Number of protein chains: 2
Amino acid sequence: MVRKTKEDAELTRKRIINAAREVFLTRGVSRSTLEHIATQAEVTRGAVYWHFKNKTEIFHAIREQVLLPLIDRMDDSLTLEGNEDPLTQIEYSLCQTIDDLNENIEMRQTYEIMMIKCEYVDEFSAVLQQILDNCSSITGKIKLAYERAQTQNLLAGSHTPLELALDTHLFFSGLLHMWVKDSDGIRFRYQAKDLIKSHINLRRKQ
Amino acid sequence: MVRKTKEDAELTRKRIINAAREVFLTRGVSRSTLEHIATQAEVTRGAVYWHFKNKTEIFHAIREQVLLPLIDRMDDSLTLEGNEDPLTQIEYSLCQTIDDLNENIEMRQTYEIMMIKCEYVDEFSAVLQQILDNCSSITGKIKLAYERAQTQNLLAGSHTPLELALDTHLFFSGLLHMWVKDSDGIRFRYQAKDLIKSHINLRRKQ
DNA sequence: TTATATACAAACAAGAATGTATGTATATAA
DNA sequence: TTATATACATACATTCTTGTTTGTATATAA
């Protein structure tokens, strides 16, 4: 039977997005067909084509649903002058992301899709540039925090905030990739936050 | 015309592997058809099916061609007692990998395929476990080097070799991912070795 | 109250990709 | 010298997907 009100239609749209996330996760983006997604969403391909032009548009919808909130949160926890010292602020910010991954299924699934269930070619290759831009932005935020740490004489050694920020960002990128791949949780998921703490302590003057 | 000798056949096999690497790189693994690969290799699908059971087998052939030599080299440069101090040994070992990526087209292409042109589902998901195992192995090697560094009192701070090794490995994982994504070279490729040097200096007692 | 746009479902047509089966020329072993 | 296995090329049948088109029930605006 046909959905009726605008609210119903919006609900259908969300069902399709959620269904697509599940299907992408288990079958990979390429092997997922609109029929798979429709079935999972308990609608027909007609509904899918009504709400989205094609699979790529669904993909982007999934990305936006999760990534936009994340960037905001990351921004806040790093930029806002908190009552914590800057190094602890960085530590908490990274740990917060790990907590998010653990608690938020949609975010976890989306990260997994973006990292190991998607091929960045053709329509998707533009996403790579977005990712790089995003990284620059995050590194910039971390750098600001390290600058404050430097001003407050919290840092061990004589490394520039930029060096430290790049190193931290690369560490965290690696950690996220491993976190996602380590679906058993044995190698990285359980100790992710310890690794972060340890990473930050490396820079802390004792 | 039909290839004749065994040497010719082996040559055809290699042509197919090389062709597949190129095709995978530009079209992604999923969207690459055996017809694409055959055309690129200037043979027909008949030849491809003669040498390989299917696309997955070609994928694994590409992986083995590059990854096996790499592991050996990484092993050597980290395990062998060189005349360098252990920290420099780690640094050189990581830099060596970057040099390899810059110089060896096949390795560069293969890394790019494995990281951003492949979906790890179904037949490919087993590769994830291999990657994790590989990472454990590399982390173990790095840890040994850090242990020697500790014995020689080269380390700043009071961090365990395991902590340091995990941190270094995650840093390097992140770096490789960024290196691959940064096809312009602007953000990471040009300064990759500086980042490594900086990372190692962070641990060095001055 | 009626016309129209909305929100889908269902049917259709076309192309693409895969695996297999068959054909064949040549090297090689007997 | 001949039989056979090798190393492919070619042809075929089948399945999957996709995009589009058509149909239709219902909400909503006029």
Side-chain angles (χ1 to χ4, degrees), chain A residues 1-62 113 117-119 121-124, chain B residues 1-62 113 117-119 121-124:
Chain A
M1 70 197 103
V2 178
R3 291 278 175 201
K4 306 162 196 175
T5 68
K6 280 195 179 180
E7 295 79 44
D8 281 340
E10 182 54 27
L11 201 139
T12 303
R13 196 189 122 93
K14 281 180 182 158
R15 287 175 62 84
I16 293 171
I17 293 180
N18 286 328
R21 204 181 320 98
E22 299 279 354
V23 176
F24 285 170
L25 194 70
T26 55
R27 315 183 79 115
V29 175
S30 297
R31 291 180 178 184
S32 300
T33 71
L34 295 187
E35 180 64 39
H36 293 145
I37 295 171
T39 304
Q40 174 80 17
E42 295 177 77
V43 294
T44 64
R45 272 171 54 240
V48 177
Y49 273 107
W50 173 257
H51 286 282
F52 302 94
K53 192 183 157 201
N54 51 32
K55 200 165 69 174
T56 309
E57 255 197 15
I58 307 181
F59 178 86
H60 286 298
I62 292 177
I113 292 167
K117 312 271 168 121
C118 169
E119 300 177 1
V121 289
D122 304 332
E123 332 87 83
F124 298 104
Chain B
M1 69 202 96
V2 179
R3 292 278 173 201
K4 306 162 195 177
T5 69
K6 280 194 179 179
E7 294 79 45
D8 282 340
E10 183 54 28
L11 200 141
T12 302
R13 196 188 122 92
K14 282 180 183 158
R15 286 176 62 85
I16 293 171
I17 293 181
N18 286 328
R21 204 181 319 99
E22 300 279 354
V23 175
F24 285 170
L25 194 72
T26 55
R27 314 183 81 114
V29 175
S30 297
R31 293 180 176 182
S32 301
T33 71
L34 296 187
E35 180 63 39
H36 293 146
I37 296 171
T39 303
Q40 174 80 18
E42 295 176 81
V43 294
T44 65
R45 271 172 55 241
V48 177
Y49 273 108
W50 173 258
H51 285 282
F52 301 94
K53 192 184 158 200
N54 51 31
K55 199 164 68 175
T56 309
E57 256 197 14
I58 307 180
F59 177 86
H60 286 298
I62 291 177
I113 292 167
K117 313 274 167 121
C118 169
E119 300 176 3
V121 290
D122 303 331
E123 331 89 83
F124 298 104

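Remember, predicted model here, so these are calculated numbers, not experimental data. Naming: A, B, ... by sequence-line order, numbering from 1 per chain.
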- Message: Going by the rule side-chain hydrogen bond (donor to acceptor under 3.5 Å, both in side chains), which residues pair with B:Thr44 if we only count those two or more places apart in sequence or in a different chain?
- Response: none
- Query: Given side chains that start at C-beta, do those of B:Thr39 and B:Val23 come closer than 4.5 Å, heavy atoms only?
  - Reply: no
- Does any residue of residues 50-57 of chain B have a heavy atom under 4.0 Å from DNA chain D, and if so, which ones, in number order? B:Trp50, B:His51
- Query: Over how many whole Å does the gap from B:Lys14 atom NZ to D:dC8 atom C1' extend?
  - Reply: 19 Å
- For B:Glu119, side-chain hydrogen bond (donor to acceptor under 3.5 Å, both in side chains) partners two or more places apart: A:Ser30
- Item | Partners passing ring pair (Phe, Tyr, Trp, His ring centres under 6.0 Å) against B:Phe59 (at least two apart in sequence or in another chain) | B:Phe124
- So what stems show up for DNA chain C if we need 3 or more Watson-Crick or G-U pairs in a row, all under 3.5 Å? C:1-30 with D:1-30
- Message: Whole angstroms only, please: what is the CG-P distance between A:Leu11 and C:dA7?
- Response: 13 Å
- Message: Tell me every residue that passes side-chain contact (heavy atoms from CB on, under 4.5 Å) with A:Glu22, counting only those two or more places apart in sequence or in another chain.
- Response: A:Gln40, A:Gln109
- Item | Length of the CD1-C1' vector between B:Ile16 and D:dA7, whole Å | 10 Å
- Query: Side-chain N or O of A:Thr12 less than 4.0 angstrom from OP1 or OP2 on C:dA7?
  - Reply: no
- Note on the structure: On a heavy-atom basis, the closest approach of A:Ala19 and A:Ile37 is CB-O, 3.6 Å
- Task: Apply side-chain hydrogen bond (donor to acceptor under 3.5 Å, both in side chains) to A:Thr26 and list each qualifying residue two or more places apart in sequence or on a separate chain.
- Result: none
- Message: Show me the pairs that pass side chain to side chain donor-acceptor pair (under 3.5 Å) and involve residues 48-57 of chain B, at least two apart or across chains.
- Response: B:Thr56-B:Glu123
- Could you list the residues that satisfy side-chain hydrogen bond (donor to acceptor under 3.5 Å, both in side chains) with A:Arg27, not counting sequence neighbours? A:His36
- Item | Side chains of A:Glu10 and A:Arg13 in contact at under 4.5 Å (non-hydrogen atoms) | yes
Give each protein N/O atom lying under 3.5 Å from an N/O atom of nucleotides 11-14 of chain C, with the pair distance.
none

- Within the side chain of B:Arg15, is there an N or O that forms a donor-acceptor pair under 3.5 Å with the backbone of B:Ala41? yes
- Note on the structure: From CD of A:Glu123 across to C1' of D:dT18 the rounded distance in Å is 13 Å
- Any idea which heavy atoms bring B:Leu25 and B:Lys117 closest together, and the distance? O-NZ, 2.9 Å
- Message: Looking at every heavy atom in both A:Val48 and A:Val43, which two are closest together, and how far apart are they?
- Response: CG2-CG2, 4.4 Å
- What nucleotide, of C:dC8, D:dG19, D:dT10, holds the atom closest to the side chain of A:Tyr49? D:dG19
- Could you list by number each residue of residues 26-40 of chain B showing a heavy-atom separation from DNA chain C of less than 4.0 Å, or answer none if no residue does? B:Thr33, B:Leu34
